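As the structure is a computational prediction, the values presented were derived from the model and not from experiment. Throughout, protein chains are lettered first and strands after them, A, B, ... in sequence-line order, and every chain is numbered starting at 1.
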Amino acid sequence: MAPGVGASAELRYRLADLYAAYDDALGEGEYERWPEFFTEACVYKITSRENYDAGLPLGLMQAESRAMLADRVAALRKTTLYAPRLVRRLIGGIVLRAIEADGMRLSASFALFQTMLNEPSQVFLCGRLYDRIVDDDGALHFTERICVTDATLIPISLVFPI
Amino acid sequence: MAAADGGVPAAGLVARQWPQAGESRVPNWIYTDPEIFAREQERIFEGPNWLYVCLDAEIPNPGDFTRSRLGTREVVAVRGAGGEVRVLVNSCAHRSMQFCSANRGSVKEFICPYHQWTYDLEGKLLGVPFRRGLRGQGGMPADFRPEDRGLTQLAVASRHGVVFASFAQPNETIEEYLGPTILGWFDRTFDGRELKVLGYQRQRLPGNWKLYQENNKDPYHASLLHVFLVTFGLFRLDQKSATEMDETGRHAALINQRGEQKSNDATAQMRAFRQDLRLADPRLIDPVREYPGEATVVIQTLWPNLVVQQQSNGLAMRQIVPLDARNFDLVWTHFGYAGDPPEMTERRLRQSNLFGPAGYVSVDDGEAMLLSQAGIAADENGECVVEMGGRDVASAPHTLTETAIRGFYRHYRAVMGL
Ligand SMILES: [Fe+2]
């Protein structure tokens, strides 16, 4: 964890653990664990820099509750057709930008690599994460995660969350 | 091009023969052959057809511009001082440089960055630096006429906030081009109310562009492939539905009426139907009726580069941009109406989760493009069978038919001389 504002060493370790645990769940493809990292009411959105900078509200995926995230997971398990692939995420440069009444604001960069079955790995997407994290009774949860992709153009489709 | 055009004989194209059976068979080579692709660019994308460019709402004020791609050509749509829209080829009259490199914005004039040739909003050449040379040296020839060096302009048509253009002046108005049946569906969504853009999505699909037209003219797959749609009753062929076309067969509308998540004799044939699935947060699908009539879904496919999506309250223009025979981009412009209350915008945004590169429904279609192209490209001499609902081309009061694909290919063959 990089420079922060007035964060104790303990808080920094706890934040680092949260990001690591999130990455571990998605990295192992255990998407059922994914909604548990969020508060009951939350904002999760993947959008493009093009829409984000223009103030356009449309995203690629958007959810307003842990239940909507669970619906995303149910869909990718049970209803969506997609060719077999793996997606690897790398998250780095996590910065605690501010501690505010409605949570801690953090940002980071991400890169996604996609490997279609029988094909080489390729860079898939990269961009910035804008997070808000709350500390409820000793447990840290994301209450907002906005993933802003540098590219608007998605190669084929975006099946898995970031 | 083929020998008949006076060019060098192209063995490939001359030897091509559409299957004897007609439009109920589609030969695989139309999805792979670069010569077919070149002819499509010439006759379809640069021929006398009204191609979708953008929405008026993207360029509301004089000087506002947006870039768009029509086939492999790139254009800039710009609103002039008098409020009229012009569509200009994004290529400087000097050295063909792409003079506009922003997706959208607002300008007083266009200046090519290379040699600063300057054009007004009508595409007229205003200035050429050092046109008369310097101290008696250099400069353009004395007979250089700026009025002959404007930007190339396309014919433009617009209806109810939707802008179309053509490289070759069509001899039909946009209304005649769509025909009364399709115009009726078009006007249902574009009823004259001002539109509001909610945002863009873009995806690159490894398939021939025609596969996407076919996909949206094919209601048969919607009831089988799309578990999400079927399960939640958003589109199912056992529901009240219709397949309509214009007289030429080049445009179509698939119409469906929402049903319930109930099993019956039809769902028994749909492996996709999942009685057990429930949304944990039902706000995702909370549609409200907003148009007269009973239809809740109308998917229009307009020749050659547009799909107009109205699925519940999810509205989008899906622009098809062919890159080469085996790849195309899909540009999604999601929109609502300027007068929408905030809760309607919220609803449209929630429902947008169904569409686009990460859509609950649209991911299936993107993957279908990939897998279709892979199967087709492996056997260019093969052919596809398109005879669900018969072998003819005729509107039908149901959607258990591939007739709209046959209609598309009847027109395609006439235009392409195949
Ligand atoms: Fe589909």
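- Most heavy-atom pairs under 4.5 Å with chain A: of the set Arg204(B), His334(B), Arg278(B), Met369(B), this distinction falls to Arg204(B).
- Residue-environment remark: CD (Glu343(B)) exceeds the threshold of 12 foreign heavy atoms within 6.0 Å.
- Of all the listed residues (Asp71(A), Leu158(A), Thr79(A)), the one sharing the greatest number of non-hydrogen pairs under 4.5 Å with chain B is Asp71(A).
- Taking OH from Tyr360(B) and CE from Met61(A), the interatomic distance works out to 8.0 Å, rounded to the nearest 0.5 Å.
- Closest of all the heavy-atom pairs between Gln62(A) and Arg350(B) is NE2-N, 4.1 Å.
- Taking a 6.0 Å sphere around OH of Tyr220(B), one finds it holds 12 or fewer heavy atoms contributed by other residues, nucleotides or ligands.
- Contact check for Arg202(B) versus Ser48(A): no side-chain heavy atoms found under the 4.5 Å cut-off.
- Closest non-hydrogen pair, Ile156(A) versus Gly366(B), comes out as CG2-O, 4.2 Å.
- Proximity of Met116(A) to Leu370(B): side-chain heavy atoms (C-beta onward) are separated by under 4.5 Å at one or more points.
- For Ala83(A), the parts lying near chain B are the backbone and the side chain together; criterion is any non-hydrogen pair under 4.5 Å.
- Contact check for Asn51(A) versus Tyr200(B): side-chain heavy atoms found under the 4.5 Å cut-off.
- Of the two parts of Asp365(B), neither the backbone nor the side chain holds a non-hydrogen atom closer than 4.5 Å to a non-hydrogen atom of chain A.
- Interatomic distance, OG1 of Thr333(B) versus CG of Leu56(A), reported as 10.0 Å (0.5 Å rounding).
- One distance of note links CG of Leu225(B) with OG1 of Thr80(A); it measures 10.0 Å at 0.5 Å rounding.
- Each of Ala54(A), Ala70(A), Ser65(A), Ala63(A) has some count of heavy-atom pairs under 4.5 Å with chain B, and the biggest count is that of Ser65(A).
- Here Thr152(A) is the residue among Thr152(A), Ile46(A), Leu76(A) with the most heavy-atom pairs under 4.5 Å with chain B.
- With a 4.5 angstrom heavy-atom cutoff, Pro155(A) touches chain B only via backbone atoms.
- Chain A forms the most heavy-atom pairs under 4.5 Å with one residue out of Leu279(B), Leu205(B), Val331(B), and that residue is Leu279(B).
- Other residues, nucleotides and ligands place more than 12 heavy atoms under 6.0 Å from the CD atom of Glu36(A).
- Arg72(A) has its side chain within reach of Asn353(B): a pair of non-hydrogen atoms, C-beta onward, lies under 4.5 Å apart.
- Considering only heavy-atom pairs separated by less than 4.5 Å from chain A, the leading option among Thr345(B), Leu284(B), Leu349(B) is Leu349(B).
- At least one side-chain heavy atom of Gln201(B) sits less than 4.5 Å from a side-chain heavy atom of Leu58(A).
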